[in-house]
Amino acid sequence: MLVNCVAYQEGRKLADIDRREIKSYVSRPDCFVWVALKDPTDADLSEMRAEFDLHPLAVEDAHHGHQRPKIEEYGNELFAVLHMVELGGDELHVGELAVFVGPNYVLSVRNRAERGFLDVRARCEREPEMLKHGSGYVLYALMDAVVDRYFPILDALETDLETIEEQIFANKSPRANIEALYYVRQKLMTLKHAAGSLLEATSKLHGGRVPHVCAGLGEYFRDVYDHLIRVNQSIDSIRDTVNTAIQVNLAVITVSETEVTKRLAAYAALVAVPTMIAGVYGMNFEHMPELKWELGYAFAIWMMVLLDVALFWRFRKAGWL
């Protein structure tokens, strides 16, 4: 589906144009065209390939999707793949943004992602001085928007982790806590796959030799790189906290099992003492003291009771009961 097709000149919007007019605007040296597609069909991609003379390998990657984040050069053309991570309820949804960047065009292809980039287009159009840099600045704006959308997800994961940590010490279900912690860890790995690979790719766009379309924008791409470093550091920090929380939860389970074992041992001792006394008087030997004593039965019962009361008091004082 075609979302937008707009021509720009000297940093300002010329007009929304028909896709059949793309070639006439791309041929102008002082213009560039920004086309946005969402979940395109094979026919849409084939048409754009013909209009912009896109590299077939890049088009194939955009068509099949499920690519790792990367930035590749094909002559004067850049091809970037970014992962768009969206939080829907308790689930993370991963979409893709494929961006074709040439001297006079930008083609952004959004797949499996609901949130668009109308705010990014509006931002670029509000900054004509920056938009004069052409298609390279649009690539920066798109990358900056994708990376900035990672931060609210990190905040949500930190909030989830804090809630789970409170439940660990609130005698909630240990199994449920472990499952919740692994679920947070799974989300972190999803975000890590998106941000980690993009960090490596973005390093190619500032410092040293940079692609021609990104010339003069090194400090802007360095800013995106710095944001990605923050994202990756936060992911690593939260992941370490998750690992610690898992160990703490397992320690709490061990302590709880130890408490149960002590209680069972205490109750077993309370049963064992009367059993021992009864066992002694049930051995049926012919010559046993107190065997024919009239008060022997009462004496044995009271001895069992007094010993159990003493043991119960001792266990209660030690915290076993």
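A donor and an acceptor atom, one from each side chain of Glu129 and Tyr137, are nowhere located under 3.5 Å apart. No donor-acceptor contact under 3.5 angstrom links the side chains of Ser237 and Asp240, judged on distance only.
The distance between the ring centers of Phe100 and Phe79 falls below 6.0 angstrom.
Interatomic distance, CE of Met84 versus NE2 of His93, reported as 13.0 Å (0.5 Å rounding). Remark: Leu161 CG to Leu181 CG distance equals 6.5 Å, nearest 0.5 Å.
Judged as a salt bridge (Lys or Arg N to Asp or Glu O under 4.0 Å), and not counting sequence neighbours, the contacts of Lys70 are Asp61, Glu72. Shown here are the side-chain contact (heavy atoms from CB on, under 4.5 Å) partners of Thr163, two or more places apart in sequence or in another chain: Gln167. Annotation: side-chain contact (heavy atoms from CB on, under 4.5 Å) contacts of Met189 (sequence neighbours excluded): His193, Arg239. Here Leu264 pairs with Val260 under the side-chain contact (heavy atoms from CB on, under 4.5 Å) rule; sequence neighbours left out. For Asp39, the side-chain contact (heavy atoms from CB on, under 4.5 Å) test picks out Asn111, with sequence neighbours left out. Evaluation of the ring-ring contact (aromatic ring centres under 6.0 Å, His included) rule for Phe221 yields no partner, not counting sequence neighbours. For Asp16, the salt bridge (Lys or Arg N to Asp or Glu O under 4.0 Å) partners two or more places apart in sequence, or in a different chain, are Lys13.
A heavy-atom distance below 4.5 Å is found between the side chains of Phe312 and Arg316. Counting heavy atoms from C-beta outward, Leu2 and Val35 have side chains that approach closer than 4.5 Å. Put simply, the side chain of Val85 reaches to within 4.5 Å of the side chain of Tyr150, judged on heavy atoms. The shortest distance between side-chain heavy atoms of Leu92 and Leu87 falls below 4.5 Å. Under the 4.5 Å side-chain criterion, counting only non-hydrogen atoms from C-beta, Leu131 is in contact with Val138.
In plain terms, the two heavy atoms of Asp90 and Lys187 that are nearest each other are O-NZ, 2.8 Å. Across every non-hydrogen atom of Asn104 and Cys31, the tightest pair is OD1-O, 3.2 Å. Leu188 and Ile235 make their closest contact through O-CG2, 4.0 Å (heavy atoms, listed as atom of the first residue, atom of the second, distance). Closest approach of Asn177 and Ile164 over heavy atoms only: O-CG2, 4.1 Å. Taking each heavy atom of Val101 and Gly136 in turn, the nearest pair found is CG1-N, 4.5 Å.
Using a distance-only test at 3.5 Å, with no hydrogens or angles considered, no donor-acceptor pair links the side chain of Lys204 to the main chain of Pro211. Looking only at distances, no side-chain donor or acceptor of Glu165 sits under 3.5 Å from a matching main-chain atom of Ala245. Ser135 places a side-chain N or O within 3.5 Å of a backbone atom of Gly102 that can act as its donor or acceptor partner. Remark: side-chain polar atoms of Tyr25 are not paired, donor with acceptor, to backbone N or O of Ile17 under 3.5 angstrom. Put simply, the side chain of Glu21 gets close to the backbone of Asp18: a donor and an acceptor are under 3.5 Å apart.
The local environment of CD in Glu200 is sparse, with at most 12 non-hydrogen atoms from other residues, nucleotides or ligands closer than 6.0 Å. Around CZ of Arg149, the count of heavy atoms belonging to other residues, nucleotides or ligands within 6.0 Å exceeds 12. Heavy atoms from other residues, nucleotides or ligands lying under 6.0 Å from OH of Tyr182 number 12 at most. Counting non-hydrogen atoms of other residues, nucleotides and ligands closer than 6.0 Å to CG of Asp236 gives a total above 12. Counting heavy atoms of neighbouring residues, nucleotides and ligands inside a 6.0 Å radius, atom CG of Asp30 exceeds 12 of them. Within a 6.0 Å sphere centred on CZ of Arg314, heavy atoms belonging to other residues, nucleotides or ligands number 12 at most.
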Show the atom names and distances, to 0.1 Å, of all donor-acceptor pairs under 3.5 Å that link a side chain in residues 47-60 to residues at least two apart or in another chain.
| unit_1 | atom_1 | unit_2 | atom_2 | d |
| --- | --- | --- | --- | --- |
| Glu47 | OE1 | Arg19 | NH1 | 2.6 |
| His55 | ND1 | Leu57 | N | 3.1 |

Name each donor-acceptor pair under 3.5 Å that joins a side chain in residues 268-275 to protein atoms two or more places apart or in another chain, with its distance.
| unit_1 | atom_1 | unit_2 | atom_2 | d |
| --- | --- | --- | --- | --- |
| Thr275 | OG1 | Val271 | O | 2.7 |

Could you tabulate the donor-acceptor pairs under 3.5 Å formed by side-chain atoms of residues 113-126, not counting sequence neighbours?
| unit_1 | atom_1 | unit_2 | atom_2 | d |
| --- | --- | --- | --- | --- |
| Arg121 | NH1 | Tyr8 | OH | 3.1 |
| Arg123 | NH1 | Asp144 | OD2 | 3.1 |
| Arg123 | NH2 | Tyr140 | OH | 3.2 |
| Glu125 | OE2 | Tyr8 | OH | 2.7 |

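Counting only residues at least two apart or on different chains, no salt bridge (Lys or Arg N to Asp or Glu O under 4.0 Å) pair has a member in residues 267-277.
Among the candidates Leu82, Leu97, Leu139, the single residue satisfying the side-chain contact (heavy atoms from CB on, under 4.5 Å) test with Ser108 is Leu97.
Counting Ile, Leu, Val, Met, Phe, Trp and Tyr side chains that sit under 4.5 Å apart, directly or through other members, Met1 shares a hydrophobic cluster with Val3.
Hydrophobic clustering, with ILVMFWY side chains joined whenever heavy atoms are under 4.5 angstrom apart, keeps Val109 apart from Leu78.
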